[in-house]
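All values derive from a computational prediction rather than experimental measurement. Here is the naming used below: chain letters follow the sequence lines, and residue numbers restart at 1 for every chain.
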4 protein chains.
Amino acid sequence: MTETRPRGRIDKRHAILDAAFTVFAREGYAQAGVDVIAAEAGVAKATVYNHFRDKENLLRESITASADEAFATNMAAVERLTDSGGDLRALLEEVGHQLATCYCDAKSWALNRLLAAELAQFPELLDIVDGRAATRVAEALADRLARLMLAGRLRSADPRTAADQFAALLTGPLAKRARLGTKPVPEAELREVVANAVDTFLRAFGAG
Amino acid sequence: MTETRPRGRIDKRHAILDAAFTVFAREGYAQAGVDVIAAEAGVAKATVYNHFRDKENLLRESITASADEAFATNMAAVERLTDSGGDLRALLEEVGHQLATCYCDAKSWALNRLLAAELAQFPELLDIVDGRAATRVAEALADRLARLMLAGRLRSADPRTAADQFAALLTGPLAKRARLGTKPVPEAELREVVANAVDTFLRAFGAG
Amino acid sequence: MTETRPRGRIDKRHAILDAAFTVFAREGYAQAGVDVIAAEAGVAKATVYNHFRDKENLLRESITASADEAFATNMAAVERLTDSGGDLRALLEEVGHQLATCYCDAKSWALNRLLAAELAQFPELLDIVDGRAATRVAEALADRLARLMLAGRLRSADPRTAADQFAALLTGPLAKRARLGTKPVPEAELREVVANAVDTFLRAFGAG
Amino acid sequence: MTETRPRGRIDKRHAILDAAFTVFAREGYAQAGVDVIAAEAGVAKATVYNHFRDKENLLRESITASADEAFATNMAAVERLTDSGGDLRALLEEVGHQLATCYCDAKSWALNRLLAAELAQFPELLDIVDGRAATRVAEALADRLARLMLAGRLRSADPRTAADQFAALLTGPLAKRARLGTKPVPEAELREVVANAVDTFLRAFGAG
DNA sequence: TATGAATGAGGATTCATTCAT
DNA sequence: TATGAATGAATCCTCATTCAT
């Protein structure tokens with residue numbers, strides 16, 4: 001009763017963004033109907049237009065929100081890559097596992113597919129996702145690896161290359177096993193992929 | 001002049017398939033207009049429907065043709081991975097470069113994006129591409145790596161894991177630099193990616 | 001000026017129903033274009049679809065409305081068949097004339113032709129027209145004849161048969177002279193048909 | 001082997017006409033597809049166009065053939081109305097029954113419905129059917145009734161009116177019971193309708 | 001702001017018809 | 001003549017968007 005309206009506004013905006021992402025991911029931008037999104041959000045079609053000028057803008061905003069969300073979870077994983085002097089392999093596996101879990105989240109796959117789908121039509125979307133999530137996460141990972149190199153826990157090498165390859169060793173095999181996200185990857189497989197990635201990474205970048 | 005008509009049918013079918021793939025890749029399945037495809041193929045819209053019952057089927061067939069094409073070029077690359085007793089790093093770099101070139105081909109990116117885009121709507125497409133190209137190429141690569149392991153040129157390891165990781169070390173960094181195929185990768189960068197991939201791969205899987 | 005909007009909805013619905021019946025009758029269901037109907041109704045094509053889900057449903061509803069209309073006029077005629085103790089022949093001729101006028105109305109012929117036309121495709125249409133108009137009118141006519149029999153003004157006979165035959169003696173010859181409704185029947189001919197029908201009817205069913 | 005071709009031509013023409021009438025009656029002119037007709041006739045679509053210039057002409061010709069057929073059967077019935085000095089009621093019932101059987105033939109209903117359906121678009125069709133069947137049969141019936149009047153077996157009256165009413169007393173009730181031809185009329189009902197018609201007819205037109 | 005109604009532009013698909021063999 | 005292929009026009013229906021309340 002204290003905050004009926006200001007809250008309601010925000011809730012509606014959120015509901016629409018959520019619905020939009022869900023529907024866009026499920027049906028693709030062109031196929032997705034604004035009425036479907038409105039229905040899924042529980043509002044009238046015109047309300048969607050009141051909040052987000054047009055369909056294209058709605059896509060942009062829903063992707064932006066989704067990228068921000070992905071950034072937060074990915075960063076949480078990367079930030080755990082802090083040298084506490086313990087077992088490096090165990091640390092990498094823990095971080096790798098957490099990253100892999102992020103990648104395998106349904107919304108993450110959806111974002112990637114949606115991005116790939118609409119990239120040709122809306123190239124700015126890649127800038128949004130890169131600028132808000134992908135590049136920043138990659139840089140943060142490179143930062144952490146650089147510190148491990150400096151600390152002598154990894155051999156000296158280009159940290160960006162190392163970061164890209166670490167990520168690639170996770171996402172490549174995962175994409176295959178998850179059938180681009182259309183199939184859940186069992187925990188055991190996920191751990192295997194992570195273990196293989198870390199093993200190769202350490203053979204290539206391990207100190208000494 | 002020698003082959004007026006029987007050729008015509010096949011030519012038309014081919015022209016439509018090509019046009020379809022181009023337009024689907026450029027605009028996405030839902031956005032793509034059958035009239036646009038017909039125009040691009042230089043036939044009447046109804047002719048498209050005579051050859052390919054409906055739009056969905058046209059997508060399936062154009063993806064199938066595209067997968068077959070991709071399979072041929074990728075296999076040509078993998079088959080060069082034959083131990084001639086020479087420098088293994090050079091051999092891997094040559095094969096890696098050829099594979100990387102395949103991946104960076106515009107049609108290859110287009111196929112991947114289109115696949116990602118329509119996967120949610122048409123899951124069978126992934127089966128088509130996997131069954132006709134991806135899995136077969138991966139297996140062939142694993143086969144070649146297995147023989148190198150057997151010959152003692154690589155350490156003993158699971159060849160499928162090795163193959164997946166080799167591919168991942170190429171595609172991951174390439175996807176990033178090519179912005180999922182929307183930007184051409186300069187030859188120098190491509191060579192750098194390949195060199196990095198081979199370097200890491202050899203550190204991880206090299207013999208002795 | 002008093003009733004700006006709420007009226008608008010209903011007006012539009014009515015306009016569409018009228019236009020639909022006109023166009024369906026003129027061109028047949030399959031040939032009729034929804035755009036033509038919309039234009040005739042003065043609304044946008046999509047508005048037709050907003051009100052009546054699809055073309056088939058629009059046919060059903062427009063036939064229903066038309067049947068209701070026909071029922072009203074026909075019943076008004078039948079209800080005048082009330083024994084006021086006067087000249088029976090004159091009474092029958094008056095009622096017959098009014099019925100004949102109903103039958104010869106352009107909309108009535110149109111309904112019959114449309115019904116015949118689409119019966120093979122949409123058998124339910126006959127149920128609609130029978131249930132809403134034809135059967136009810138025939139029963140009402142039989143009721144009135146039964147009372148005349150009971151009152152001794154007609155000989156005792158099966159009232160339904162008598163009703164059917166009375167109607168047949170009107171519609172049969174009228175259909176011929178009106179060329180199934182494509183030609184107007186001059187008033188003189190109409191009176192002649194009615195007189196002949198009543199004459200035969202009274203010879204067959206007159207009392208004593 | 002003696003007459004492969006000349007026969008084949010005629011057979012094909014016939015097959016197409018039959019198929020056309022069947023399909024037109026089943027689906028209506030506009031809805032009927034020329035390919036469907038061709039398929040039903042077992043020929044290629046273009047062959048239909050070789051024989052019958054266009055769809056409209058095919059309709060005209062198939063209706064003409066159908067009208068000729070109907071004329072033959074109806075005339076056979078009317079011609080039995082010959083005063084052999086015997087029981088007039090029995091004679092009328094026999095002829096009435098035969099006529100009723102003609103009317104209740106599936107092709108006859110189909111012709112009537114098709115005619116009603118396309119009358120608005122192709123008014124000449126009514127002239128064809130009238131000129132080739134309806135009017136001629138009605139005139140022949142009037143002729144026979146005139147002779148019965150002259151012979152004193154029926155009272156003197158306008159023979160055309162009598163003929164029209166005799167027909168109407170059959171077709172009216174039959175149309176109702178057959179649901180315009182969509183439902184078969186059991187033999188018992190048919191006999192009842194005929195008996196009622198003859199009864200009324202004889203009360204109205206019987207001698208003395 | 002939230003909504004129900006209205007719309008115009010567009011898209012998949014069908015079909016009568018023609019052409020070349 | 002009989003056919004398979006090709007086509008252009010038409011048609012149903014959808015959908016992003018706007019307007020009036």
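The list of side chain to side chain donor-acceptor pair (under 3.5 Å) pairs with a residue in residues 118-128 of chain A, not counting sequence neighbours, reads A:R60-A:E124, A:D127-B:R179. Screening residues 16-31 of chain B for side chain to side chain donor-acceptor pair (under 3.5 Å), with sequence neighbours left out, gives B:R26-B:E40.
The distance from atom CD1 of B:I16 to atom P of F:dA5 is 12 Å, rounded to the nearest whole Å. Counting to the nearest Å, the C1' atom of F:dC15 and the CD atom of A:E27 are 13 Å from each other. Residue B:K12 contributes atom NZ, which lies 17 Å from atom P of F:dG4 at whole-angstrom precision. For D:D11 and F:dA2, the CG to P distance is 11 Å, given to the nearest whole Å. Rounded to an integer number of Å, the gap from CG of C:L58 to P of F:dT11 is 16 Å. One interatomic measurement links the two molecules: CG of A:L59 to P of F:dC15, which rounds to 17 Å at whole-angstrom precision. Following rounding to the nearest Å, A:F52 (CZ) and E:dT1 (P) show an atom-to-atom distance of 13 Å.
Remark: A:L126 CG to A:L119 CG distance equals 5.5 Å, nearest 0.5 Å.
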Under the salt bridge (charged side-chain N to carboxylate O under 4.0 Å, His left out) criterion, do C:R53 and C:E61 qualify, and how do the steps go? CA-CA 11 Å; C:R53 191 177 40 250; C:E61 299 248 31; over 6 Å; no

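Every residue meeting the side-chain hydrogen bond (donor to acceptor under 3.5 Å, both in side chains) condition with C:K107, not counting sequence neighbours, appears here in chain and number order: C:E69. Residues meeting the salt bridge (charged side-chain N to carboxylate O under 4.0 Å, His left out) test with C:D54, sequence neighbours left out: none.
Under the 4.5 Å side-chain criterion, counting only non-hydrogen atoms from C-beta, B:L125 is in contact with B:L59. Between B:L17 and B:F52, some side-chain heavy-atom pair lies under the 4.5 Å cut-off. Annotation: side chain of A:F21 is in contact with side chain of A:L111 (closest heavy-atom distance under 4.5 Å).
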Reading nucleotides 10-16 of chain E from the 5' end, what letters show protein touch, with B for base, S for backbone sugar-phosphate only, - for no heavy atom under 4.0 Å? B-SBBBB

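Residue C:H51 places none of its side-chain N or O atoms closer than 4.0 Å to OP1 or OP2 of E:dA5.
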Intra- and inter-strand pairing of DNA chain E, written as dot-bracket with Watson-Crick and G-U pairs under 3.5 Å and | for the latter, reads .||||||||||||||||||||

